[in-house]
Number of protein chains: 2
Amino acid sequence: MTATKEKIIEAAYSCFAEKGYIGTTTREIAKTAGVSEITLFRYFRTKAALFEAVINRYSILSDLKKIASENNDKNIEETIKHIAKRIYLTLRKKKKLIRIILSEITNHPNEITEIYNKFLARIDSMLLKIFEQKKEKIELKENLNLQLAVRGFHCMLFAFFQTNEIFLKKELSEQEIEETINTFVNILFEGIKKEGNK
Amino acid sequence: MTATKEKIIEAAYSCFAEKGYIGTTTREIAKTAGVSEITLFRYFRTKAALFEAVINRYSILSDLKKIASENNDKNIEETIKHIAKRIYLTLRKKKKLIRIILSEITNHPNEITEIYNKFLARIDSMLLKIFEQKKEKIELKENLNLQLAVRGFHCMLFAFFQTNEIFLKKELSEQEIEETINTFVNILFEGIKKEGNK
DNA sequence: TTAGATAGTAAGTGCTTACTAACAGTTAAT
DNA sequence: ATTAACTGTTAGTAAGCACTTACTATCTAA
């Protein structure tokens, strides 16, 4: 991978995130990358091929894999809090990719659905694994559908990210992120009702 | 509003949801509506004007207003469950609008942000109002940030909808929806831990 | 019967866009 | 110094698109 090629992919990544795939011209990408348009086409035969390269280059899966591989010796609540924060920060780091995923369901449904599926599966399994590892340390409600609960939890996190950082363009501070995650994790484990009132 | 105009708006709504604003041609919309292209332009001077008409015609705010106005005599858990289900079904009814909102952040950021803001504010306030009305019937944890909890709850619902119905194209059955909402509401109030283990 | 509103056909304008052809300049390794 | 790899300039092609012009057909109400 030459530096030029990398520059082009990076420029395309930014442009696609900002204006969408169709809304971005190859001329624009070339200009952003600081190369001529024909250089772009020498590296990528078509705009679609460039799109694919962008998607592969900026995959979020490796980030998630890394998070999943970190071992946690804390108790389960703290572990989940820590992972939730890591996920949130990863989403932010890959904010442009998330924008592309959201805006390209219409134009690249197959590619996007595939990515989204893998993304989902990985987060699901990462969280479920934690519960599996620490199952002796926590007693769950008997009638609980854990898969659904876990799915709901990261949906909460994802939509919260999406709302703030994508739609409202508001970058939360470290402190706000932590408060949010504490609240969400407390809800997951304890709910909002005061103890003893159940 | 003539029948022809209505037909055009409806066709545009479907096309925009399916292929995005830029990805849809006016010819395509006209064909879907069963009118000639020039008729389309007689009613809407520009494609952008048509887009605006679509957004106004298929607003989700009135649906939410209606849900909020229904009075609920049940206890708070049941009320929230009921409202959550109504919201989910409303999202599904307006699935095309949600697709448009997601995919047009890049092309119509201002309009979309405005819509999203109102949507958020309305759901927030609808849920907070319930808690306000029934505050004597429930004792919440002292250190709880209720606004954040409420926001987290409908984020959970929204992202769950988005995941299934938009990305995975899977239409949940009534039963699945109810199981999901029961799980989510139980988590909100009680958490996943077994009682007495806290 | 007539007038006005509504719809259609057909052709076309002007612009943008992905992608190409042909040629020339630059750099680095041998 | 020469070659090979890489990059740039300039111009252009073919297609698609939003939107227009000019004219015609249909229908309803008075």
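Here is how names work: the chains are called A, B, and so on, in the same order as the sequence lines, proteins then strands, and each is numbered from 1. In what follows, every heavy atom counts, from backbone to side chain, and hydrogens, waters and symmetry copies are set aside.
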(request) With sequence neighbours left out, write down each residue that passes ring-ring contact (aromatic ring centres under 6.0 Å, His included) with B:F167, or none if nothing qualifies. (result)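 Partners of B:F167 by the ring-ring contact (aromatic ring centres under 6.0 Å, His included) criterion, ordered by chain and then number, come out as A:Y116.
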(message) Going by ring-ring contact (aromatic ring centres under 6.0 Å, His included), name the residues that satisfy it together with A:Y43, two or more places apart in sequence or in a different chain.
(response)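 Checked A:Y43 against ring-ring contact (aromatic ring centres under 6.0 Å, His included); zero matches.
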(message) Once side chain to side chain donor-acceptor pair (under 3.5 Å) is applied, do any residues pair with A:K19, and if so which ones, sequence neighbours excluded?
(response)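 So A:K19 forms a side chain to side chain donor-acceptor pair (under 3.5 Å) with A:E28.
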(request) Only counting residues at least two apart or in another chain, list the ones meeting side chain to side chain donor-acceptor pair (under 3.5 Å) with A:E136. (result)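 A:E136: no side chain to side chain donor-acceptor pair (under 3.5 Å) contacts found.
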(request) Name all pairs fulfilling the ring pair (Phe, Tyr, Trp, His ring centres under 6.0 Å) condition that reach into residues 46-77 of chain B, sequence neighbours left out, sorted by first residue then second. (result)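 Applying ring pair (Phe, Tyr, Trp, His ring centres under 6.0 Å) to every pair that reaches into residues 46-77 of chain B, excluding sequence neighbours, yields B:Y13-B:Y58, B:F16-B:F51, B:Y21-B:F51, B:F51-B:H108.
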(request) Sort and list the pairs that fulfil ring pair (Phe, Tyr, Trp, His ring centres under 6.0 Å) and have at least one residue in residues 143-165 of chain A, not counting sequence neighbours. (result)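 Residue pairs with at least one partner in residues 143-165 of chain A: A:Y88-A:F161, A:F119-A:F158, A:F160-A:F184.
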(request) For the helix from C:dT1-D:dA30 to C:dT30-D:dA1, figure out the bend between the end axes, five pairs an end, and round to 10 degrees. (result)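 Rounded to the nearest 10 degrees, the bend comes out at 10°.
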(message) If you compare every side-chain N and O of A:T4 against the phosphate oxygens of D:dC6 (OP1, OP2), does one of them come in below 4.0 Å?
(response)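 No.
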(request) Could you check whether B:T2 gets within reach of a base, just the sugar-phosphate, or nothing at all, counting any heavy atom under 4.0 Å? (result)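 Result for B:T2 = nothing.
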What pairs of donor and acceptor atoms, side-chain ones from residues 59-68 of chain A against any protein atom, are under 3.5 angstrom apart with sequence neighbours left out?
from  : atom 1 : to    : atom 2 : distance (Å)
A:S59 : OG     : A:L61 : N      : 3.0
A:D63 : OD1    : A:K94 : NZ     : 2.7
A:D63 : OD2    : A:K93 : NZ     : 2.6

(message) Atom CD of residue position A:E52 - does it have more than 12 heavy atoms of other residues, nucleotides or ligands inside 6.0 Å?
(response)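 Counting neighbours around CD of A:E52, 12 or fewer heavy atoms of other residues, nucleotides or ligands fall under 6.0 Å, so no.
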(request) Measure the distance from CG on A:L50 to C1' on C:dT17 and round it to the nearest whole Å. (result)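 That distance rounds to 15 Å.
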(message) In this structure, how many angstroms lie between the C1' atom of C:dT6 and the CE atom of B:M1, rounded?
(response)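 So the two atoms are 17 Å apart, to the nearest Å.
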(request) Mind running a 4.0 Å heavy-atom check of residues 26-49 of chain B against DNA chain C and sending the residues that fall below it, in number order? (result)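 Listed by number, they are B:G34, B:V35, B:S36, B:I38, B:T39, B:R42, B:Y43.
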(request) Return the residues of residues 6-19 of chain B meeting this criterion: a heavy atom under 4.0 Å from some atom of DNA chain C. Order them by number, or give none. (result)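 Contacts with DNA chain C under 4.0 Å: none.
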(request) With sequence neighbours left out, write down each residue that passes side chain to side chain contact (heavy atoms under 4.5 Å, CB included) with A:A121, or none if nothing qualifies. (result)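 Partners of A:A121 by the side chain to side chain contact (heavy atoms under 4.5 Å, CB included) criterion come out as none, since no residue qualifies.
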(request) Please name all residues satisfying salt bridge (charged side-chain N to carboxylate O under 4.0 Å, His left out) with B:E111, sequence neighbours left out, ordered by chain then number. (result)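 B:E111: no salt bridge (charged side-chain N to carboxylate O under 4.0 Å, His left out) contacts found.
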